[in-house]
Amino acid sequence: MRVVSIGHIADSYALIKLSPLSGSLPEGIQPGQFAQIEIPDSKSTFLRRPISICMADYDADQIWLLVRNAGQGTSHMVNSSVGDIYNVLLPLGHGFSLPSKQGDSVLLVGGGVGVAPLLYFGKVLFEQGYKPVFALGARSAKDLLLLDEFKKYGPVHVSTEDGSAGEKGLITCNSVFASEISDIACCGPTPMMKAVAGIAASRGINCEVSLENMMACGLGACLCCVEDTADGNVCVCKNGPVFNINQLKWQI
Amino acid sequence: MANLSVNIGPLRLQNPVLTASGTFGYGEEFEDLMDINSLGGIIVKGTSLHPRQGNPAPRMVETPSGMLNAVGLQNKGVDHFIEHIYPRIAKKYTSEIIVNVAGSCVSDYVEVCEKLAPLDRIRAIEVNISCPNVKQGGMAFGTTCEGAAEVTKAVRQKWPKALIMKLSPNVTSIVDIAKAAEAEGADSVSLINTLMGMAIDVKRRRPYLSTITGGLSGPAVRPVAVRMVWQVAKAVGIPVIGLGGIASTDDALQFIMAGATAIQIGTANFINPRISQEVAAGLEQYCQENGLNDISEIRGIV
């Protein structure tokens, strides 16, 4: 796929929009699925990089990837230029489920760069008549990503650890959690997801989380990225990355 | 068109390209991305007598031009394979289906072989005496000539079809192990399994893998593998199957020129899921461009 635009956000993030070299996007990309990106000409970034799909824009035939510069592979991506070509495998994995009733109050909880798949999920929910609410957390105001995009699909509640935007503190302390919630979709750092899962479990809220265990193949073949679940060790890349918390053996 | 077919004991492959066990699932994970039937065959995930959960996460860390893994032979056991997986893949694929057999003791290996023997589409097994990631058995058998001989002899008595022994590079003399397997009736040896390695996360001051050590694979190990294939191919009379970091047609040709009759593609499947099909086509193109009538004309020319 070809980079058609790249927008840099703060010091270390980029929103990369990619279009197929020919033809159109594969049908039926689900929110929560991911892409495997081959980093060209690099011996140290030998494996593909799994990046969640931030948006599948079928009108423009684009996918959006929100990338944080966290290592050599993502550094290469963040420093891409328009016209660069990436070999991309997509869509992979199993995404978020739609809540059972349209009247349900769905809270989408994201932390840091983990907000990425919630944008596409929020859009799909909005278009299908749900009323998604976003709770987005970050270290500080500069790490809050794509807020204007999220606002297109629902109210956005923000927390920052240093108080530079929204409520001060962790997202799990945000006042939005005091409201009535029927479903939670969550993606972010593992400690955050575990805290959210704890809240959901204690209140009987249906909750899905998106895991990011280290992966190799992305196809369910190598069994490297397994998570211990009610069904034993299963591949995060194939059976996930999105799991209902009642499938996981987390201590919460 | 050049003849690419090769014989591994009684087994005939339409071309020398196989996929390495543990890197290609049961083929089905890749069938939307490539034509499985363009290959000589697939070697399915290591199969044990009883289901195995494998090792805890984390099981993988990327290293320069390669990766360390410590999967630990996670599989649902031979009965599950026979009942649920074999009927599906035997119907779908015309390429050879080779089962990689894992065991913790000699009787386990034998029992798995006895269960597989009636399956008519399984015309070969690859016996794994070289997994570095399990506590019992596995590599223990593959690191001594006596151990390798013991497993080969026991399996040979119950397995009449093509028998491939998969060898460990974590030994002083892989040639001696190969000779021991040949002496007990193996039809072929495949090498190399992963090299035992280790990587440490210096920020956290602890190993990356839950098992501390793991198996190194990928292009990083290729020169070691080519050297070992070259040494073994000169020393034994049975066909050698070469693997270790093959990621291109040229890489595959290195192994064939070193003496390999067939080759396996492993870790490279993770980066380019079509690589095995591309290498099979690449070998045919190489023969055409170089006026070869048969791929065997370059086998062991080094």
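Proteins come first, then strands; the chains are lettered A, B, ... in the order of their sequence lines, and each starts at number 1. Worth saying up front: this structure is predicted, and the values here are computed from it rather than measured.
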K.L.:
Using 0.5 Å steps for rounding, measure from the CG atom of B:N272 to the CZ atom of A:R48.
P.N.:
6.5 Å
K.L.:
Report, as yes or no, whether the 6.0 Å neighbourhood of atom CD on A:E212 holds more than 12 heavy atoms from other residues, nucleotides or ligands.
P.N.:
no
K.L.:
What do you reckon, is CD of B:Q53 surrounded by more than 12 foreign heavy atoms closer than 6.0 Å?
P.N.:
yes
K.L.:
Take a 6.0 Å sphere around NZ of B:K92 and say whether it holds more than 12 heavy atoms from other residues, nucleotides or ligands.
P.N.:
yes
K.L.:
Ignoring hydrogens and geometry, is there a side-chain-to-backbone donor-acceptor pair from B:E62 to A:F46 under 3.5 Å?
P.N.:
yes
K.L.:
Locate the shortest heavy-atom distance separating B:M60 from A:A216; write the atom from each residue and the value.
P.N.:
CE-N, 3.8 Å
K.L.:
When you look at CZ of B:R274, are more than 12 heavy atoms from neighbouring residues, nucleotides or ligands closer to it than 6.0 Å?
P.N.:
no
K.L.:
Side chain, backbone, both or neither: which part of B:Y26 has an atom under 4.5 Å from a heavy atom of chain A?
P.N.:
neither
K.L.:
Hey, what do you get for CG (B:N55) to CG (A:L223), rounding to the nearest 0.5 Å?
P.N.:
11.5 Å
K.L.:
For a quick test of reading the model, state the closest non-hydrogen atom pair linking B:G25 to A:A221 and the distance between them.
P.N.:
N-CB, 3.7 Å
K.L.:
Once rounded to the nearest 0.5 Å, what's the spacing between atom CD of B:E29 and atom SG of A:C235?
P.N.:
8.5 Å
K.L.:
Quick one: does any side-chain atom of B:Q74 pair with a main-chain N or O of A:N233 as donor and acceptor, under 3.5 Å?
P.N.:
yes
K.L.:
Can you tell me which of A:C222, A:C225, A:G220 forms the most heavy-atom pairs within a distance under 4.5 Å of chain B?
P.N.:
A:C222
K.L.:
Could you give the distance from OG1 (B:T63) to CG (A:L47), rounded to the nearest 0.5 Å?
P.N.:
8.5 Å
K.L.:
Quick one: CG on B:L33 to CG on A:L219, what's the gap to the nearest 0.5 Å?
P.N.:
6.0 Å
K.L.:
Between CZ of B:R59 and CE of A:M214, what distance do you get to the nearest 0.5 Å?
P.N.:
14.0 Å
K.L.:
Using non-hydrogen atoms and a 4.5 Å limit, figure out which bit of B:P273 sits close to chain A: side chain, backbone, both or neither.
P.N.:
side chain
K.L.:
Are there more than 12 heavy atoms of other residues, nucleotides or ligands under 6.0 Å from atom CZ of B:R88?
P.N.:
yes
K.L.:
Specify the closest pair of heavy atoms between B:V71 and A:C224, including all atoms of both residues, with the distance to one decimal.
P.N.:
CG2-SG, 4.0 Å
K.L.:
Would you indicate whether B:I212, at its atom CD1, is surrounded by more than 12 heavy atoms from other residues, nucleotides or ligands within a distance under 6.0 Å?
P.N.:
no
